[in-house]
Amino acid sequence: MKHIVVLTGAGISAESGLQTFRDADGLWEGHDVMSVASPEGFQANPSLVFEFYNQRRRQLLEVHPNAAHLELAALESDYKVTIITQNVDDLHERAGSTNVIHLHGELLKARSIVNEHAVLPWTTDLNSGDCNPQGEQLRPHIVWFGEAVPMLDEAMAVCNTATDLIIVGTSMQVYPAAGLMHYVPEGTPTYFVDPNPNVSASQQLTVIAKPATLGVKEAIEMIKNNAG
């Protein structure tokens, strides 16, 4: 049976209206992104970090999955599908995808600052003084700059079993996620969906220069046609 592995990034969620909060100069409301997305930033100014993620969480609850999310979810009715995402939103799950690996954490979860495995669902604002039942302060369940990516080994193992690879909404320039495409078996048909692609087509690589909401549908049609 085919196992379609899908690598997704910010581009797929942007079409749902989810802003990146990061300006072209790498700033968020005048703050360097490292000050709101690193352990050092959290230690220096936790309230700033909480507000950054509170804003993102509030916005996430106002947007909805788009056609690309829905197409990928529907693909599960015909094939085994695993989505490996750099996104911290839950739009894949809301669209109906049941097998999603979040490389960079999840916005709608919080975890203990003492035990990274003590994770709780969290849909409201998170602030200093919010603790788990053990009395431990909670922080966003996000992989910050400088922290290990705990799901990376699992993602690599999944890529090893891919029969087809779709890359959508990510330039594949950010490591370690960018290295995942090199873990698929040699010769695996790969479909790169991006309105402004930074890669060139090859025998194995099909470039679809369209936004996610159009390009994912095209990639899926190609996979289904090739299956015949």
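For this chain, numbers begin at 1 and follow the sequence in order.
With sequence neighbours excluded, no residue satisfies salt bridge (charged side-chain N to carboxylate O under 4.0 Å, His left out) with D130. Under the salt bridge (charged side-chain N to carboxylate O under 4.0 Å, His left out) criterion, R58 pairs with E51, D125, sequence neighbours left out. By the ring pair (Phe, Tyr, Trp, His ring centres under 6.0 Å) test, H102 pairs with no residue at all, sequence neighbours left out. Taking the salt bridge (charged side-chain N to carboxylate O under 4.0 Å, His left out) definition, one finds that R57 meets it with nothing, sequence neighbours left out. The side-chain hydrogen bond (donor to acceptor under 3.5 Å, both in side chains) search around N160 returns none, not counting sequence neighbours. With sequence neighbours excluded, no residue satisfies side-chain hydrogen bond (donor to acceptor under 3.5 Å, both in side chains) with E186. With sequence neighbours excluded, the residues forming a salt bridge (charged side-chain N to carboxylate O under 4.0 Å, His left out) with E106 are K109, listed by chain and number. Partners of W144 according to the side-chain hydrogen bond (donor to acceptor under 3.5 Å, both in side chains) rule, which considers only residues two or more places apart in sequence or in another chain, are Y53. H141 is linked by a ring pair (Phe, Tyr, Trp, His ring centres under 6.0 Å) to nothing, counting only residues two or more places apart in sequence or in another chain.
Listed by first and then second residue, the salt bridge (Lys or Arg N to Asp or Glu O under 4.0 Å) pairs involving residues 131-141 are R139-E147 (not counting sequence neighbours).
Smallest separation of non-hydrogen atoms from G105 and V143: N-CG2, 4.0 Å. A pairwise comparison of heavy atoms in N132 and A118 identifies ND2-CB, 4.4 Å as the closest pair. Scanning both residues, A73 and A95, for their nearest heavy atoms gives CB-O, 3.4 Å. What you find for S112 and L138 is that their closest heavy atoms are N-CD2, 3.8 Å.
Between the S97 side chain and the E93 main chain, no donor and acceptor come within less than 3.5 Å of each other. No donor-acceptor distance shorter than 3.5 angstrom exists from the side chain of H182 to the backbone of G179, with no hydrogens or angles considered. No donor-acceptor distance shorter than 3.5 angstrom exists from the side chain of N87 to the backbone of D89, with no hydrogens or angles considered. In this structure, the side chain of S38 does not engage the main chain of S35 through any donor-acceptor pair within 3.5 Å.
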Notebook entry, point to check: Under the side chain to side chain contact (heavy atoms under 4.5 Å, CB included) criterion, do I4 and L75 qualify, and how do the steps go?
Noted result: CA-CA 9 Å; I4 300 169; L75 196 56; 3.7 Å; yes

Note to self: side chain to side chain contact (heavy atoms under 4.5 Å, CB included), that's the test. Do Q204 and T188 meet it? Break it down for me.
What the structure shows: CA-CA 7 Å; Q204 271 82 41; T188 300; over 6 Å; no

Next item on the list: Evaluate the side chain to side chain contact (heavy atoms under 4.5 Å, CB included) criterion for residues Y191 and I167: first the C-alpha distance (whole Å), next the side-chain angles of each, then the deciding distance (0.1 Å), finally the verdict.
Entry: CA-CA 6 Å; Y191 304 85; I167 301 171; over 6 Å; no

Margin query: With side chain to side chain contact (heavy atoms under 4.5 Å, CB included) as the criterion, how do C159 and I84 come out once you've worked through the C-alpha distance, each side chain's angles and the decisive distance to 0.1 Å?
Written below: CA-CA 9 Å; C159 287; I84 302 170; 3.8 Å; yes

Checklist line | From CA spacing to verdict: side chain to side chain donor-acceptor pair (under 3.5 Å), T98, E76 | finding: CA-CA 8 Å; T98 61; E76 287 190 19; 2.7 Å; yes

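Summarising the geometry, atom CG belonging to D194 is positioned 11.5 Å from atom CD1 belonging to I12; distances are rounded to the nearest 0.5 Å. In this structure, CG on L180 lies 9.0 Å from CG on L165, to the nearest 0.5 angstrom. Taken from CG in L18 to CZ in R56, the straight-line distance is 7.5 Å, to the nearest 0.5 Å. To the nearest 0.5 Å, atoms CG (L60) and OG (S13) are separated by 8.5 Å. Atom CG of L72 is separated from atom CD1 of I166 by 6.0 Å, given to the nearest 0.5 angstrom.
No continuous path of hydrophobic side-chain contacts links V119 to L126 [ILVMFWY only; heavy atoms under 4.5 Å]. Hydrophobic clustering keeps L7 apart from L70 (ILVMFWY residues linked when any side-chain heavy atoms are closer than 4.5 Å, directly or through intermediates).
Side-chain contact of Q86 with T8: a donor-acceptor pair under 3.5 Å is absent, judged by distance alone. In summary, the side chains of H64 and S16 do not present any donor paired with an acceptor at a separation below 3.5 Å, with no hydrogens or angles considered.
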Listing, residues 40-47 side-chain donor-acceptor contacts under 3.5 Å, not counting sequence neighbours, or none:
from : atom 1 : to  : atom 2 : distance (Å)
N45  : OD1    : S47 : OG     : 3.0
N45  : OD1    : L48 : N      : 3.2

Determine all donor-acceptor pairs shorter than 3.5 Å in which one atom belongs to a side chain in residues 205-219; sequence neighbours excluded.
from : atom 1 : to   : atom 2 : distance (Å)
K210 : NZ     : E218 : OE1    : 2.5
T213 : OG1    : E15  : OE1    : 2.5

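Applying the side-chain hydrogen bond (donor to acceptor under 3.5 Å, both in side chains) test between H3 and each of T163, D164, T82 identifies T82 as the sole match.
Side chains of F50 and V36 form no contact here, defined as non-hydrogen atoms less than 4.5 Å apart. Looking at I101 and I83, their side chains never come closer than 4.5 Å, going by heavy atoms from C-beta outward.
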